[in-house]
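Mind having a look at this structure? Questions to follow.
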Amino acid sequence: MKNRILGISAYYHDSAAALVADGNIIAAAQEERFTRKKHDFNFPTNAVDYCLREAGLQPEDLDYVVFYDKPLMKFERLLETYLAFAPQGLRSFMMAMPLWLKTKLHLPREIRKSMNGRYHGNIAFTGHHESHAASAFYPSPYEEAAVLTMDGVGEWDTASIGVGRGTKLELLKTLRFPHSLGLLYSAFTYFTGFKVNSGEYKLMGLAPYGEPKYVDLILEKLIDLKPDGSLAMDMKYFNYCQGLTMTSPAFDELIGGPPRNAESIITQREMDLAASIQKVTEEAVLRMARHARELTGAKYLCLAGGVALNCVANGELLRSGIFEDIWITPPAGDAGGALGAALFVQHHLLGVPRKPAGHDSIQGGLLGPKFSNEEIGAFLKEKNVPFHFLPDESELLAKTAAAMASDKVIGWFQGRMEFGPRALGSRSIIGDARSEQMQSQMNLRIKFRESFRPFAPSVLVEDVSTYFELDRESPYMLLVAPVRKELRSPLSEEQKRAMKDPDLRKRVNVKRSTIPAITHVDMSARIQTVDEERHGRYYRLIREFKRQTSCGVIVNTSFNIRGEPIVCTPQDAYRCFVASDMDVLVLENYILYKTEQPAQSSIEREKYISSFSLD
């Protein structure tokens with residue numbers, strides 16, 4: 001094994017580690033999955049240990065360790081920003097400095113210490129947006145492509161346009177802090193009462209319930225959106241440079257009231273704000289993409305950075321036809337920077353050849369730990385958990401599909417864990433997309449989260465055009481497309497009135513299509529296509545469900561409850577199973593039924609649920 005490179009992201013949002021060697025991606029995982037602390041930003045000691053173990057390596061076997069950004073440049077940006085706004089921002093400055101002075105400015109020491117002093121080799125630092133760009137281009141199916149990265153902020157850059165050719169990757173143009181499409185979207189996330197860096201997808205899900213009434217106000221007062229997609233923000237409305245909030249009192253005055261309090265009732269104002277910033281974001285992304293096409297002349301586009309997780313904007317970009325095709329890396333956020341940093345050193349600096357073969361090389365995003373039937377069986381027997389072991393896969397799939405068809409909710413735990421924020425059929429909660437109550441049931445009884453949030457469909461890749469207005473694969477759940485018109489249900493007068501009700505729960509429960517559990521209020525869906533090569537048993541399960549029901553699409557959401565990371569181990573999965581109203585748990589070839597499990601008191605259950613923070 002040659003060119004053994006470990007990439008690390010840490011100390012901002014989602015710490016992670018990734019290992020590449022011989023031109024291949026070997027392993028990658030987020031630290032939160034091991035520590036059970038959502039968005040854990042600490043040094044990814046457990047993720048590093050996993051990657052080394054998966055590769056059969058010791059720390060001293062590595063050729064390079066690479067960090068995903070340049071801390072000294074980031075520190076420079078922080079100091080210059082604080083000085084520019086002094087004496088404002090003193091509290092924020094005092095809160096930030098201890099971690100910087102103790103840890104972030106001494107990363108080589110921290111890296112070696114995390115490996116028990118056993119690594120004495122090269123330590124490299126890539127630029128933040130270089131890492132994002134590398135995570136998008138190098139695993140992509142393209143020999144040559146434009147690359148667009150968009151997030152909150154790295155060192156100084158907040159977006160970049162680049163081009164990848166073979167093993168080389170070059171950033172051609174960047175947008176500089178404090179002007180940032182990602183931070184603009186996060187400001188609206190904050191103002192509408194959701195948590196920054198984790199609630200942006202809630203804002204995107206809320207947008208279809210509103211009208212884009214604030215678009216002109218945003219474009220006239222808050223930002224100057226240029227033809228190339230870059231933007232200049234009027235910073236009097238924002239507070240993130242010097243304070244602990246995203247928006248300022250001037251923003252409150254402009255909108256006509258203060259930010260919504262977390263967990264309070266969502267009003268039409270929040271819905272309209274969500275619709276408006278979503279529309280502005282889509283326009284900015286389209287303009288950036290057009291400029292990237294003009295700048296590079298490339299036929300294909302790769303996307304990364306937190307904004308690339310906005311699958312609604314991605315769908316609009318694909319349908320625009322600016323590029324012949326686009327590819328979005330599954331770990332588009334900061335966790336993916338660990339993978340990008342390792343790939344950048346492997347290909348750009350060391351010149352290890354790429355082998356684009358018409359499909360991506362990220363292995364379905366399934367780069368995390370897996371657990372054998374033997375390991376699972378030992379755990380279940382130790383804890384005296386009632387189970388059924390079905391060594392015959394066809395019997396296992398038949399029973400699971402039948403349970404789904406009878407409106408049961410299934411915890412599905414198979415193979416290697418996903419890398420990135422989406423559950424893709426290895427650590428998933430699944431159900432029948434035809435069920436009228438499945439969305440609200442999963443949201444309120446299983447996930448313990450807001451009822452308005454949509455669920456994604458997993459559909460057999462050969463059937464995607466039967467159900468959706470999409471003519472290509474979408475294996476990573478990063479594209480939104482409309483449900484086909486012939487599947488949509490005409491609304492009665494009563495349903496039309498419900499769709500205008502201020503109570504979002506009444507809107508959610510309106511049947512809008514023959515697959516209502518995954519049809520959002522605007523008749524769209526966030527699609528995951530499933531194929532046998534990438535997804536194996538998960539594909540065969542959906543195929544069996546189709547055999548039983550004539551429906552080739554199911555509901556897929558991440559295997560966790562609110563405030564908890566996606567499950568990693570069989571132990572995590574079982575705890576989540578007994579703490580929620582899931583009916584069935586499938587752990588590899590083991591199937592467990594809730595009705596057979598030991599009774600859990602309501603006090604025990606409430607204690608478990610309340611142990612997770614609400615975000």
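Note that these values count all heavy atoms, side chains included, but never hydrogens, waters or copies made by symmetry.
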NZ/K168: more than 12 non-hydrogen atoms of other groups inside 6.0 Å: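 Result for NZ/K168: enclosed.
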
- prompt: Are R427 and F413 in a cation-pi contact, defined as NZ or CZ under 6.0 Å from the six-membered ring centre and within 45° of the axis?
  reply: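 Positive - R427 is close enough to the ring of F413 and near enough to its axis.
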
message: Other residues, nucleotides and ligands only: do more than 12 of their heavy atoms fall within 6.0 Å of CZ on R91?
response: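 Open.
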
query: Going by distance alone, is a donor N or O of one side chain under 3.5 Å from an acceptor N or O of the other, for D69 and H129?
result: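 Their side chains do not contain a donor-acceptor pair, so the 3.5 Å distance test is not met.
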
query: Is there a side-chain contact between K104 and M97, using heavy atoms and a 4.5 Å cut-off?
result: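 Counting from C-beta outward, K104 and M97 never come under 4.5 Å.
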
task: Would you sort out whether V147 and L301 count as a side chain to side chain contact (heavy atoms under 4.5 Å, CB included), showing the intermediate values?
output: CA-CA 6 Å; V147 185; L301 177 68; 5.8 Å; no

task: Ignoring hydrogens and angles, tell me if any N or O in the side chain of N116 forms a donor-acceptor pair with the backbone of R118 under 3.5 Å.
output: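 Absent.
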
Salt bridge R77-E80, side-chain N to carboxylate O under 4.0 Å: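 Salt bridge between R77 and E80, a charged N being under 4.0 Å from a carboxylate O: no.
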
field: Point-to-point distance, once rounded to the nearest 0.5 Å, from CD of Q58 to CZ of R4
entry: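 One finds 11.5 Å between CD of Q58 and CZ of R4.
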
query: Can any side-chain N or O of D61 pair as donor or acceptor with the backbone N or O of L57 at less than 3.5 Å?
result: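 Judged by distance alone, no pair lies under 3.5 Å.
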
- request: Give the intermediate values and the outcome of side chain to side chain contact (heavy atoms under 4.5 Å, CB included) for residues E375 and T569.
  value: CA-CA 10 Å; E375 291 172 301; T569 67; over 6 Å; no

- prompt: Looking only at heavy atoms, what is the nearest atom pair of S474 and L478, with distance?
  reply: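 Looking at all heavy atoms of both residues, the shortest contact is OG-N, 4.0 Å.
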
message: If I compare all heavy atoms of I430 with all of W412, which pair ends up nearest, and what's the gap?
response: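 In this case the closest contact between I430 and W412 is CD1-CB, 3.9 Å.
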
- prompt: With sequence neighbours excluded, what pairs up with E143 under the side-chain contact (heavy atoms from CB on, under 4.5 Å) test?
  reply: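 With neighbours one apart ignored, the set is P356.
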
Side chain to side chain contact (heavy atoms under 4.5 Å, CB included) assessment of N310 paired with Y185: CA-CA 10 Å; N310 192 308; Y185 203 88; 3.7 Å; yes

Verdict with reasoning, H132 to D151, per side chain to side chain donor-acceptor pair (under 3.5 Å): CA-CA 9 Å; H132 276 320; D151 67 1; 3.2 Å; yes

field: Point-to-point distance, once rounded to the nearest 0.5 Å, from OH of Y68 to NE2 of H128
entry: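 So the OH of Y68 and the NE2 of H128 are separated by 5.5 Å.
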
Ion pair check, R165 and E144, cut-off under 4.0 Å: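 Judged by the 4.0 Å cut-off on N to carboxylate O distance, R165 and E144 do form a salt bridge.
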
query: Between E263 and R562, does at least one N-O distance fall below 4.0 Å, as a salt bridge requires?
result: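 Yes, this pair counts.
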
- request: Supply the atom-to-atom distance Q346 CD to D22 CG, rounded to the nearest 0.5 angstrom.
  value: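 That separation rounds to 8.0 Å.
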
field: CA sep, side-chain torsions, deciding dist, call: F75, W100, ring-ring contact (aromatic ring centres under 6.0 Å, His included)
entry: CA-CA 8 Å; F75 190 61; W100 274 98; 5.3 Å; yes

task: Verify the distance criterion only: is there a donor paired with an acceptor across the side chains of S160 and D157 at less than 3.5 Å?
output: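 Looking only at side-chain atoms, D157 and S160 do not form any donor-acceptor pair under 3.5 Å.
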
Distance-only donor-acceptor check, side chains S9 and S15, under 3.5 Å: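 Result is no, nothing qualifies.
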
task: Compare every heavy atom of G333 with every heavy atom of L309, then report the nearest pair and how far apart it is.
output: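 Heavy atoms only, the tightest pair is CD1-N, 4.3 Å.
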
Enclosure of E533 CD (heavy-atom neighbours >12, cutoff 6.0 Å):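 For E533, atom CD is not crowded (no more than 12 foreign heavy atoms under 6.0 Å).
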
- prompt: Looking only at atom types and distance, does a side-chain atom of H535 sit under 3.5 Å from a main-chain N or O of G364, one as donor and one as acceptor?
  reply: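 It does not hold such a pair.
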
query: Between R112 (side chain) and G121 (backbone), is there a donor-acceptor pair under 3.5 Å?
result: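 Yes; judged by distance alone, with no hydrogens or angles, the pair exists.
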
query: Does the side chain to side chain contact (heavy atoms under 4.5 Å, CB included) test come out yes or no for V285 and L181, once each step is laid out?
result: CA-CA 9 Å; V285 170; L181 182 60; 4.0 Å; yes

query: Looking at I5, I111, L107, which one forms a side-chain contact (heavy atoms from CB on, under 4.5 Å) with V65?
result: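 Answer after filtering I5, I111, L107: I111.
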
Residue pair N239, S248: steps toward the side chain to side chain donor-acceptor pair (under 3.5 Å) verdict: CA-CA 5 Å; N239 197 43; S248 71; over 6 Å; no

field: Distance in Å, Y64 OH paired with I123 CD1, rounded so as to fall on 0.5 Å steps
entry: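 One finds 12.0 Å between OH of Y64 and CD1 of I123.
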
task: Enter the distance from E31:CD to D14:CG here, rounded to the nearest 0.5 Å.
output: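 Output value for this atom pair is 10.5 Å.
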
message: Quick one, F188 with F251, criterion ring-ring contact (aromatic ring centres under 6.0 Å, His included). Give me CA distance, side-chain angles, the key distance, then yes/no.
response: CA-CA 10 Å; F188 278 79; F251 193 104; 5.4 Å; yes

- prompt: Going by distance alone, is a donor N or O of one side chain under 3.5 Å from an acceptor N or O of the other, for S458 and N556?
  reply: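 S458 vs N556: donor-acceptor pair found between side chains.
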
message: I'd like to know if the side chain of S186 pairs up with that of E200 as donor and acceptor (distance under 3.5 Å, no hydrogens or angles considered).
response: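 On atom types as modelled, these side chains qualify, holding a pair under 3.5 Å.
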
Stepwise salt bridge (charged side-chain N to carboxylate O under 4.0 Å, His left out) check, K70 with E155: CA-CA 7 Å; K70 297 182 177 180; E155 295 89 358; over 6 Å; no

message: I'd like to know if D360 pairs up with R534 as an ion pair, taking the criterion as any Lys NZ or Arg NE/NH1/NH2 lying under 4.0 Å from an Asp or Glu carboxylate oxygen.
response: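 A salt bridge links D360 with R534.
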
Passing candidate, ring-ring contact (aromatic ring centres under 6.0 Å, His included) with Y300, options W327, Y142, F137: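 Single ring-ring contact (aromatic ring centres under 6.0 Å, His included) partner of Y300 among W327, Y142, F137: Y142.
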
task: Verify whether one side chain among Y538 and S428 offers a donor that lies under 3.5 Å from an acceptor in the other.
output: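 Their side chains do not contain a donor-acceptor pair, so the 3.5 Å distance test is not met.
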
message: Walk me through whether Y11 and F41 qualify under ring-ring contact (aromatic ring centres under 6.0 Å, His included).
response: CA-CA 5 Å; Y11 302 129; F41 62 85; 7.6 Å; no

- prompt: Excluding sequence neighbours, so at least two apart, what forms side-chain contact (heavy atoms from CB on, under 4.5 Å) with A29?
  reply: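 Listed in chain order: F34, Y50, M417.
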
query: Does one side chain, of N373 or N589, offer a donor that lies under 3.5 Å from an acceptor on the other?
result: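 Short answer, yes.
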
query: How long is the span from the OG1 atom in T557 to the CZ atom in F455, to the nearest 0.5 Å?
result: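 The CZ atom of F455 is 4.5 Å from OG1 of T557, to the nearest 0.5 Å.
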
